[in-house]
Amino acid sequence: MAEDVKDLELMEKIVSLCKRRGIIFPSSEIYGGINGFWDYGPYGSRMKRAVEALWWKEMVETRDNVEGLDSTIICHPRVWAASGHLEQFSDLMVDCKKCKTRYRVDQMEDPTTCANCKSQDLTEPREFNLMMKTFVGPVFDEEHTAWLRAETCQPIFVDFHSVRVATRQKLPFGIAQIGKAFRNEINPRNFTFRSREFTQMEMEFFCEDGDSMEWFEYWKEQRIKYYKEKLGFKDDFFRIYVHEKLAHYAKAAIDIEVKFPFGWGELEGVHHRGTWDLTRHSEFSGQDLSYMDHDNGRKVMPTVVETSVGLDRTILALLANGYTEEKAATAKEDMEEDTRVLLKLPARVAPIQVAVLPQSKKLKEGAYNLYKDIDRFFRSEYDETASIGKRYRRQDEIGTPYCVTFDFDSAEDNAVTVRDRDTMLQERVNVTQLRSYLEGKIGF
RNA sequence: GCGAGUGUAGCUCAGUUGGUAGAGCAUCACGUUGCCAACGUGAUUGUCGUCGGUUCGAUUCCGAUCACUCGCUCCA
């Protein structure tokens, strides 16, 4: 119980820090905000791009058998008929005005009576659709209705044939994409964890059905390794949830879950999707999306193993995992120690990787020149205001792993001190070695 | 979507039994200081979430609405 209260406080602190330091804030706030939408500020957008770049490098650039794609958000409406979203995302619902129970009309035994309280005082059936609707062209009617994609993977299936032909890839191979997806969530909750506009990073891997479970295990291991090695997740911070109920076409599914302040939540799914998606798009489009294996003359419908990450949830997980308060020495009068707030973010995704600070404003010229050199290689920031200690703490709050201080000896000995965020220890480094020193620390 | 709570400066909050607001921190300037939120002086910041009603007058009372938090529901 006590821990729950602490976790609620933690969430509030994270939201407050994000707002105050320009990491994440409510969308359209001057108009009162809009439920389920969040903006990434100057530091948040840097972090988001860093995570995107890390995933893209990990999943696409370093692999010969995964290709990239950047498809449109609005697709032909039939795409969503084929995927099942139009059917499954759209239900006629009625509410009982008396006991407030909600029913799907098609699941009610008697559509005029509430099964719970037997009241007949029900609302008119109303359509609940989790897909966002828009219109293509200037005429707003049913014929011109289109939908914002509810997931980024469907356009991957739709473009499967084009990508394969263009790249001459043979099975097995994957197609990856990062992009926005939209869902009219009934109840957006928990900061950016469940929002109505969000970014997904998805990879669909196409293989022979006989090999599909091997690939499933492979991608599962790859993704776990990524979280441990690239994002620094410890064993007690994440867990694997194994789905017991599977879709009829799937052979396996796991979720990688993370310990958020509000409880365990899904961060990524590694799902076996069978031949379902390509089969459906073949049926609905009339185009045969099966694969001809020229080595043995066999034609197969590829089986799909998917890795699907929520980017916004990744950012939130990094913030939750990294938020730390600890006692630290202070030079303030009458106080022996003070609370230090820091974000322990992995250096490779920190919004600012290196802050360059003159020990005094008198040293601004040398420090600024050093900053301009460093800025080309790392996400960097220069700050000369207030005391050096205050600037360290400012950088701690946004998770800057290294502060480079240009001091009164620097001009003479051509060396600076590098201060570590987590240990607060300093090391003196020659300026000519600084870039390689930091590269060794930060990693890519 | 239902229920409860909350909404005052960038953040955390106080306050006004109805007469249009304050603190700490933050921010900025100057001085001082030379490695962990130092100090001094001064300064900036609010349509008191929004709209409407009652009132001579509303941040305060009433209604609606928006947003956030929690519980329920939902999570293909």
> So what does the secondary structure string of RNA chain B come out as, 5' to 3', with Watson-Crick or wobble pairs under 3.5 angstrom, [ ] for crossing and | for pairs with another strand?
Replying inline: (((((((..((((.....[..)))).(((((.......))))).....(((((..]....))))))))))))....
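A gap of 13 Å separates the P atoms of B/rU60 and B/rG7, to the nearest Å.
Between the side-chain ring of A/Phe408 and the base of B/rG34, a stacking contact exists by the 5.5 Å and 30° definition.
Closest approach to the A/Met424 side chain among B/rA37, B/rG34, B/rC36 is made by B/rC36 (side chain taken as heavy atoms from C-beta onward). With distances taken from any side-chain atom of A/Arg189 to the nucleotides B/rC35, B/rG34, B/rG3, the minimum falls on B/rG3. Of the candidate nucleotides B/rC36, B/rC74, B/rG1, B/rC36 has the atom nearest to the side chain of A/Gln426. Closest to the side chain of A/Lys19, from the set B/rC35, B/rC70, B/rG10, is B/rG10.
As rounded to whole Å, 14 Å separates atom C1' of B/rA67 from atom CZ of A/Phe191. The CZ-C1' distance, from A/Arg194 to B/rC72, rounds to 14 Å in whole Å. Between A/Asn35 atom CG and B/rC70 atom P the separation is 13 Å, expressed in whole Å. Atom CD1 in A/Ile388 sits about 9 Å away from atom P in B/rC35, given to the nearest Å.
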Collect all protein-nucleotide pairs involving nucleotides 25-28 of chain B in which both atoms are nitrogen or oxygen and the distance is under 3.5 Å.
residue	atom	partner	partner atom	Å
B/rA26	OP1	A/Lys390	NZ	2.8
B/rU27	OP1	A/Arg394	NE	2.9
B/rU27	OP1	A/Arg394	NH2	2.5
B/rU27	OP2	A/Lys390	NZ	3.3

Quick test: give all pairs of protein nitrogen or oxygen and nucleotides 41-47 of chain B nitrogen or oxygen below 3.5 Å, distance rounded to 0.1 Å.
none

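Side-chain atoms of A/Thr339 and A/Glu325 form no donor-acceptor pair, as typed in the model, at a separation below 3.5 Å.
The side-chain heavy atoms of A/Gln426 and A/Cys403, taken from C-beta on, include no pair separated by under 4.5 Å. Looking at heavy atoms from C-beta onward, A/Ile24 lies in side-chain contact with A/Leu319 at the 4.5 angstrom threshold.
Interface remark: the A/Arg419 side chain does form a donor-acceptor pair with the B/rC36 base, using a distance-only criterion of under 3.5 Å. No N or O donor and acceptor, one from the side chain of A/Ser16 and one from the base of B/rC11, sit under 3.5 Å apart. Under 3.5 Å, the side chain of A/Asn187 and the base of B/rC74 form no donor-acceptor pair of N or O atoms.
Partners of A/Tyr218 according to the ring pair (Phe, Tyr, Trp, His ring centres under 6.0 Å) rule, which considers only residues two or more places apart in sequence or in another chain, are A/Trp215. By the ring pair (Phe, Tyr, Trp, His ring centres under 6.0 Å) test, A/His272 pairs with no residue at all, sequence neighbours left out.
Remark: A/Arg239 is not positioned above the aromatic ring of A/Tyr241, lacking an NZ or CZ atom under 6.0 angstrom from the ring centre and at most 45 degrees off the axis.
Mapping A/Val15 and A/Tyr392 onto RNA chain B by nearest heavy atom places A/Tyr392 closer to the 5' end of the strand. When the nearest nucleotides of RNA chain B are assigned to A/Lys361 and A/Arg196 by heavy-atom distance, the more 5′-ward of the two goes with A/Lys361.
Within a heavy-atom distance below 4.0 Å of RNA chain B, no residue of residues 303-313 of chain A is found.
Within the 4.0 angstrom heavy-atom criterion, no nucleotide atom of any strand lies near A/Glu185. Among the atoms of the strands shown, only primed sugar atoms or phosphate atoms (P, OP1, OP2) are found under 4.0 Å from some heavy atom of A/Gly36. Heavy atoms of A/Tyr31 sit nowhere under 4.0 angstrom from any nucleic acid atom.
Summarising the geometry of A/Asp409 relative to A/Arg428, their closest heavy-atom pair is CB-NH2, 3.6 Å, with the distance given to 0.1 Å. Across A/Arg394 and A/Arg21, no two heavy atoms sit closer than the pair O-NH1, 3.0 Å.
Between A/Tyr371 and A/Tyr382, the two ring planes are tilted [angle within 30° to 60°].
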